[in-house]
Amino acid sequence: MSVETTRDGATTLLRLSNGAVNALSVGNGFVARFQEAILAAIADPQCRVIVVAGAGKLFCGGADIADFNRDPVLVGRLRGLIALVEASEKPIIMAIHGVALGGGLELAMAGHYRIAQANARLGLPEVTLGLLPGAGGTQRLPRLIGTGAALDMMLSGKSIGATRALELGLVDRVVDSDVAQAALEIAATAPPPVRRSGASPLPADLRASIDQRRAALRPGLSRAPRRILDCVEALSDDLASGLAVEASLFGELMASAESHALRHAFFGERQVSRIPDLPPEAKPRPIAIVGVVGGGLMGTGITIALLNAGLSVTMVELREEALAKAEATIRKTFARDVEMNRISQQVADTRMAAFTPAPTLEALADADLVIEAVFEEMSVKKQVFYALDSITRPDAILASNTSTLDLEAIARLVADPSRVVGLHFFSPANIMRLLEIVRGRDTAPDIVATAMALGKRMGKVSVVSGVCDGFIGNRIFEEYLRQVWFLLEEGATPQQVDAAMEGWGMAMGPCRTMDLVGQDIGWAIRKRRAVEQPDRPYSAVIDRICELGRFGQKTGSGIFAYPDGRTPEADAAIATLIDAYSHEIGLARRAIDAEEIVSRCLMAMVNEGARIVGEGIAYRPVDVDMTFLHGYGFPRERGGPMFQGDLIGLPALLDRLNIYAAGRNGWAWEPAPLIERLASENGRFADLNG
């Protein structure tokens, strides 16, 4: 941590150095040190111009979010620094390279002249944390680039490139060369005109742009977009009054449950990448050639994800027609990406050139990693692994995409089980961010490290799970579904259940979700469970629907009807079937409201999540949360099941579980031992996250 001060003639150059992203940290004293350096330069009679630049790979990644979690008051000191910069009588040139994000851009806007390197990106992503730019961004950005463009940046949280920033007036110059050196040259030859963003005139499009964006706001759990509009609406000739409104509304958002949840998600994505018991000598192996066994929907998605990551992929599919279909789908996906300007034609051609279709497993003899993605049945997977053990190199990693099956049983088919790992992708694998990395009893540490590195290379949020039936995600999801089917037989309709959960924030209701995934998949798992776990019965109401061949969208009907193949519609036949089933088991149907639906579904997830953490299947509660945020449509603004458990409070959570345990199917509500222990200690799940 330092602010390096050097002199270049009459120019003082201040280089910021504070961690990997040059964060504007208050808690560690960095902002105070920066402020001292600014004051010293201002007071120096030999200094005529000040240049602020970043050390390392970027200018400034923003404020330190950890400061806000410790003490929201700390942001006031950052505001003080920014006010000092803007008020300086000596011109301050901001030399931007890499990125200027959040508080970093707010700092840059307080400067008097901004130079950006051509590949730099600038943005205010606070909305993604349930916040608003709280150090002057809502008041200065509209003055610099106009209200419409400013609101587009702040409401989306997306960054823009240096060229676009120049067009808008956010920066004054773009250079291809070293940006700090360019700033020094400008300072030495022709001091730039001072342009104080806070003194710029109010934008002409203020009212119209606010009204337009407010009318277009989508309903959501986070109030941040509305508060951003409120701040911009407070723009006036009196900058101080607008800044006061901004500070007040920032404080409101900081205290909101939604922002706490979004910040939990932000940090959680980084926490799960740290494996507590991985020895430091466990280094990732180099991976260049990957084999994928299976050309179905999952195998095709995995292949696209690997090709997108710059890897060479050999897909083995024994059925000629399926192999051709997979190749056509891959080609079509890249063509669509070109059409949407996501990639160039050259990149698409390079990725297709790295793809090799093959009809036999022998094509995988030189692969560094092979991922099995065949049908979810143990006998099929055993055949594949038995063959791979003799075909592949002894040091090749063998991975299974199984979503529920016993990885230990699969590993026992291989002479060296230490090279077997689970890589559970979520469909569509090239889009869904979650990757469950299943660590078997014998899986070598360096293979776990390799799997984590591969996930990062593919842009995944990778969560390590131990071996159990369903791992982290599906094991919890099945308890969620257990309550859904019980709710149906007790009196709720599928429409009510889905509406309640979607209204709470889930991306899709559970009934629609299973219709989309395929009801036959859940049916096969339930039939297996009925044999293996006879003491944990499911409602048979969903099985009755499956017995009719109604497996969801792919068959044109499931719990809902799909007349056009995609849009769900309530089906009177299903309502009759559910009523008849309730009568058959002697259950009088009753009115069930949305509050009970949400409570039971959420409690089931939290309770099973606590069991998984307590058993050591997941390292930490945050691993459960990230699994559900990125793989199961859990609302990011809710933080995850375990975060919700802490919001409820574990003593209150335990009381609610005990109430449910005294009622119908009470066996399903036996509190997890971890909940009982933490409740007795007045502890929280968050205490276990490290």
Side-chain angles (χ1 to χ4, degrees), residues 3 12-16 18 22-26 30-42 47 49-54 58-64 74-97 99-116 120 122-124 126 132-145 150 153-154 165 168-173 179 183 187 191-203 231-232 235 238-247 250:
V3 180
T12 297
L13 172 63
L14 304 179
R15 279 198 184 272
L16 312 181
N18 185 33
N22 289 336
L24 294 171
S25 306
V26 178
F30 178 73
V31 163
R33 187 171 296 186
F34 185 15
Q35 187 160 323
E36 289 170 6
I38 289 283
L39 286 169
I42 291 173
C47 171
V49 181
I50 301 168
V51 172
V52 177
L58 49 84
F59 173 72
C60 178
D64 189 339
L74 293 178
V75 73
R77 299 180 193 172
L78 177 56
R79 294 187 186 112
L81 167 68
I82 287 174
L84 173 67
V85 168
E86 186 169 52
S88 169
E89 293 183 3
K90 295 179 179 179
I92 298 181
I93 303 174
M94 297 293 175
I96 301 166
H97 77 291
V99 299
L101 299 176
L105 180 54
E106 289 175 297
L107 170 67
M109 287 191 290
H112 310 126
Y113 193 85
R114 285 162 291 281
I115 306 177
L122 303 89
L124 294 172
E126 286 85 352
L132 54 82
T138 68
Q139 303 302 296
R140 292 189 174 92
L141 187 61
R143 285 177 157 91
L144 285 172
I145 69 174
M153 286 182 65
M154 290 188 287
L168 292 172
L170 181 53
V171 300
D172 301 284
R173 186 173 174 184
V179 71
V194 172
R195 183 161 68 109
R196 300 182 193 278
S197 55
S200 300
L202 297 180
C231 286
V232 176
L235 277 167
D238 181 9
L239 175 66
S241 67
L243 290 174
V245 170
E246 179 190 87
F250 180 86

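Residues: numbered from 1 along the sequence shown.
When every heavy atom of Gly104 is checked against every heavy atom of Phe59, the shortest pair comes out as O-CE2, 3.5 Å. Nearest heavy atom pair, residue Val49 against residue Pro91, reads CG1-O, 3.5 Å. Of all heavy-atom pairs between Met109 and Leu144, the closest is CG-CD1, 3.7 Å. Ser197 approaches Arg140 most closely through the heavy-atom pair OG-CD, 3.1 Å. Smallest separation of non-hydrogen atoms from Leu235 and Arg143: CD2-NH1, 2.9 Å. Ala63 and Leu78 get closest at one heavy-atom pair: CB-CD2, 3.8 Å.
Two residues are said to be in side-chain contact when any heavy atoms from C-beta on lie closer than 4.5 Å; Val171 and Met94 fail this criterion. Proximity of Leu239 to Gln139: side-chain heavy atoms (C-beta onward) are separated by under 4.5 Å at one or more points. For the pair Val51 and Leu14, the minimum side-chain heavy-atom distance is 4.5 Å or more. Side-chain contact between Val52 and Leu16: present, with at least one pair of heavy atoms (C-beta onward) separated by less than 4.5 Å. In this structure, the side chains of Glu126 and Leu132 stay at 4.5 Å or more apart for every pair of heavy atoms. You'll find the side chain of His112 stays beyond 4.5 Å of the side chain of Ile93, heavy atoms only. A heavy-atom distance below 4.5 Å is found between the side chains of Leu124 and Leu141. The shortest distance between side-chain heavy atoms of Ile42 and Leu84 falls below 4.5 Å.
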Determine all donor-acceptor pairs shorter than 3.5 Å in which one atom belongs to a side chain in residues 30-39; sequence neighbours excluded.
residue : atom : partner : partner atom : Å
Arg33   : NH1  : Met1    : O            : 3.1

How far apart are the C-alpha atoms of Leu122 and Val99, what are their side-chain angles, what is the distance that settles it, and do they pass the side chain to side chain contact (heavy atoms under 4.5 Å, CB included) test? CA-CA 6 Å; Leu122 303 89; Val99 299; over 6 Å; no

Show your working on salt bridge (charged side-chain N to carboxylate O under 4.0 Å, His left out) between Arg79 and Glu106 and close with a plain yes or no. CA-CA 9 Å; Arg79 294 187 186 112; Glu106 289 175 297; over 6 Å; no

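Just one of Cys231, Pro203, Ser200 meets the side-chain contact (heavy atoms from CB on, under 4.5 Å) condition when paired with Pro142; it is Pro203.
No donor-acceptor pair closer than 3.5 Å links the side chain of Asp64 to the backbone N or O of Ala23. In this structure, the side chain of Asp172 does not engage the main chain of Tyr113 through any donor-acceptor pair within 3.5 Å. Between the side chain of Ser241 and the backbone N or O of Asp238, at least one donor-acceptor pair lies under 3.5 Å. Using modelled atom types, no side-chain atom of Lys90 and backbone atom of Ile50 make a donor-acceptor pair closer than 3.5 Å.
Once rounded to the nearest 0.5 Å, the distance linking CG of Leu58 with CG of Leu101 reads 8.0 Å. Taking CZ of Arg173 as the start and CD1 of Ile115 as the end, the distance is 6.0 Å to the nearest 0.5 Å. For the atom pair CG of Leu107 and SG of Cys60, the computed distance is 6.5 Å after rounding to the nearest 0.5 Å.
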